[in-house]
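Step one of this worksheet: look at the structure below.
Per chain, numbering begins at 1; letters A, B, ... match sequence-line order. As the structure is a computational prediction, the values presented were derived from the model and not from experiment.
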Amino acid sequence: MFSVNNKKKKIGALILLSMIGMLLLLPFAQMDVSAQGKEEAAAEESAEPAEGEIGSKGKDKQYGGVNEFGIVSGPPAPEMVYPDSYGSYGDYQSRTLLWVSNQQHLYFGSFVLAVPMFVFVMELIGATQKDRKVGKKFDDLAHEMMKISLTAYSVTAILGGILIFTFLALYPGFFGYLASIFKPVMHIYALLFILESGVLYVYYYGWDAMNDGNGNWKWTHLGISCILNAIGIVLMVMANTWIGFMMSPAGVDESGRFLGDIWKVIHTPLMVPIVIHRILGNAAFGGGVVGAYAAFRFLSSKTLEEKAHYDWMSYIAMFMGILNLIPLPFAGYWLMREIYAYRQQMGITLMGGLLAWVFIMQATMIATLFITVNYYLFQAMGRMPGAERYYPAFKFLLAILVISTISWLTPHTLVMTPAELKAMGGQQHPVVGNYGVMSAKNTAINTMITTTVLTFCLYQRANRIITVPWAWKGNCFLILLFAMAWVNILFLGIYGYFIPANVRIGLSVPQVVSTLTTLFVGVAVNTKMLKGSKEVAPIRWGQMSVRGAYALFLLAVAFTWTMAVMGYLRSSVRLHWHVNEIMRDNSPWAFTNPLGYAGNINSMNVLLFWTMLLFVFWLSSLAAKKAPSKVTADAGEAVPAASH
Amino acid sequence: MSEKGQDEQIGMGAKIGFFIMAAVGCAFYYLIFLNWVLMVPIQNLPYPYK
């Protein structure tokens, strides 16, 4: 490891690092001085400032009670005038350009945030394994995942730069206002980014140097991983507070004057659910992308050993993705509930009005995700000897999934000609229309998740023979646990049609808890039953069908497309506002883009992202390749490497 | 011991007894505990940001 001779160098490096750290803190000191100066200046002015002027008392737009008033600390939001407050490249929609750069940055940002989370878990599993061979396998996997993330990290930074320039060039007025509001924390964001880069490089390049199996250095390395993830999450939370502020501004008065408390600006009504939803979404998306990488390497591998490795890697990545996908709809539901609580009209625009069709698109995508996951597991069981006994169940599981999907993506109302409308007797179809309401949709998604959990339980026991003495009781209990969960989910779904909407909303909670019970209790009992079980034969890693690998691509692309379409939805709900109810969008592009256009831009975004990502994948595989050696018999001396 | 061996040792009465117990337990948990016990406090929760 590190030699004793290097001790002085180490101390020197630490001192240098501390000095750099101190320099990074300088802006904060500066901030304090300026704040003091302002206070002194305010104290010198004996006259009471007029209403709305800096230093006067302002009423918070959102907060009530003891937090209702604050001291006006900034100018009102400027009124946007076209073309003065906007930039443009000819007649091209500035918004679309911003949309694309935002989406690309978000994709890569999500990816580089999610991967270190997985890597931490993988490395931790590796370090805690008693069998060091298995431990090393997990450790190598974590290292490989990190390698992909490192290349993507540079791309994220470049895209972040492009995004800032796009903002400055096309929306200078809006960006200036947002920067003035978030001024106290914007530099912290930038500084954290530098810190994250430093920690990331130490973490990645120190991997081998600190790899002593499960010794002290390994745990120090894991500690660095914790710091890396903490910084990543804080960075993401900070970026999310900007969109939270744009949707549901707080900490400012009616005209957008900053009231001096940055925490209120950060802690807007929608901030917490947005953050939770995004963390889970990013993690699920990250799992999907790593899964696709592994599938790509699996398909292109030449040797069975390599195929086995990437087959295993794709399974682990898929599993991590799904682990985060399952709670995602519930987090989304919570976010929607908070949107309704914040502004009912906003909720209606989303789910019952202008943007309702986007939810149908989302339903299609999420149903695709769940069907694909099940399909992958069915395919994966093909390489598990002994799984044959579960094959007959697949068609029934698939039937449940398909029926749920059809029910889920049935729209409430259709766009029709007057003749069609007359023939149908109204906007809502007398039979099919019943499946267009939340009661049916909640039932569908909960049924799908429960079915996925059941498929996973079957997968867990596919190549095993259970030997615990209470096997019969366990099986009986599991059958009842799942069957009764389905009964309850269905019962609550039907019951929802007979009660008022405000009570119906509450029904989703026991429905969700039923689903989660199968997940936590069902999987726990199943795992317990498998303890000490006999193996029919080992899993034939590397013999996964090609269709299974392609399913992982579908999974990853579906994740990407869902993110794009839901991003369009969340952003569009502000309608003609830059900052909801405070700063109006007066550009010619303030209208809501039609679905067809949004679909095209989203698809283009997905294609662009995957093209760039393929490049990243290719780069990662390039690093592992070596040029064929040209060393001849007489080349006994060491030769320096060729310069480049 | 194999699964079949276990099956032989458990009598039909015990099997039915366990099944009924488990069914009642699950039904109680889902239909009574979740739907009723959980629902009551949820209905009376003060809503945030109202």
Side-chain angles (χ1 to χ4, degrees), chain A residues 62-64 248 250 267-270 272-273 334 337-344 465-492 495 499 502-503 505-518 521 529 533-534, chain B:
Chain A
Q62 187 59 39
Y63 279 84
S248 56
H267 188 235
T268 52
L270 300 178
V272 179
W334 176 32
R337 205 179 142 132
E338 291 301 317
I339 288 176
Y340 265 100
Y342 168 67
R343 291 284 184 274
Q344 199 178 24
I465 295 169
I466 293 164
T467 53
V468 284
W470 49 281
W472 184 85
K473 283 181 186 169
N475 284 332
C476 178
F477 173 72
L478 278 179
I479 290 168
L480 283 165
L481 189 80
F482 277 92
M484 293 303 273
W486 271 318
V487 167
N488 196 36
I489 290 166
L490 202 63
F491 161 70
L492 290 172
Y495 184 51
I499 51 173
N502 57 340
V503 187
I505 274 201
L507 291 186
S508 60
V509 178
Q511 243 183 355
V512 165
V513 182
S514 301
T515 306
L516 293 181
T517 303
T518 60
V521 181
M529 282 174 78
S533 59
K534 274 194 292 190
Chain B
M1 193 173 286
S2 73
E3 263 183 273
K4 205 182 167 196
Q6 285 292 320
D7 286 352
E8 281 162 6
Q9 280 189 4
I10 305 168
M12 189 50 86
K15 275 186 178 178
I16 294 171
F18 180 81
F19 182 83
I20 291 171
M21 260 167 51
V24 170
C26 284
F28 177 82
Y29 169 74
Y30 285 116
L31 301 173
I32 309 292
F33 178 74
L34 290 190
N35 294 0
W36 186 66
V37 180
L38 256 185
M39 278 290 285
V40 173
I42 283 162
Q43 295 305 316
N44 301 323
L45 269 184
Y47 217 73
Y49 308 112
K50 232 175 187 175

In chain order, what residues pass the side chain to side chain donor-acceptor pair (under 3.5 Å) check against A/S514, with sequence neighbours excluded?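 A/S514 satisfies side chain to side chain donor-acceptor pair (under 3.5 Å) with A/N488 only.
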My understanding is that only residues two or more places apart in sequence, or in another chain, count here; which of them pass side chain to side chain donor-acceptor pair (under 3.5 Å) with A/T515?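 Listed in chain order: A/N446.
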Does any backbone or side-chain atom of A/I489 lie under 4.5 Å from a heavy atom of chain B? Answer side chain, backbone, both or neither.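 Neither part; nothing is under 4.5 Å.
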Under 4.5 Å from any heavy atom of chain B, what part of A/A483 do you find: side chain, backbone, both or neither?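 Contact with chain B: none, neither part.
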Between B/Y30 and A/L481 (side chain of the first, backbone of the second, donor and acceptor by atom type, cut-off under 3.5 Å), is there such a pair?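 A pair under 3.5 Å: yes.
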Interatomic spacing from OG1 in A/T517 to CG in B/L34 - rounded to 0.5 Å: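 Spacing of OG1 (A/T517) from CG (B/L34) equals 5.5 Å.
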About how many Å separate CZ of A/F491 and CG of B/N35, when rounded to the nearest 0.5 Å?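 Answer rounded to 0.5 Å: 6.0 Å.
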For B/F18, I'd like to know if atom CZ has over 12 heavy atoms of other residues, nucleotides or ligands within 6.0 Å.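 Yes.
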How close do A/M484 and B/A23 get, counting heavy atoms only, and between which atoms?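 That closest heavy-atom pairing would be CE-O, 4.2 Å.
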Quick check on B/Y29 against chain A: is it the side chain, the backbone, both or neither that has a heavy atom closer than 4.5 Å?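 The side chain, not the backbone.
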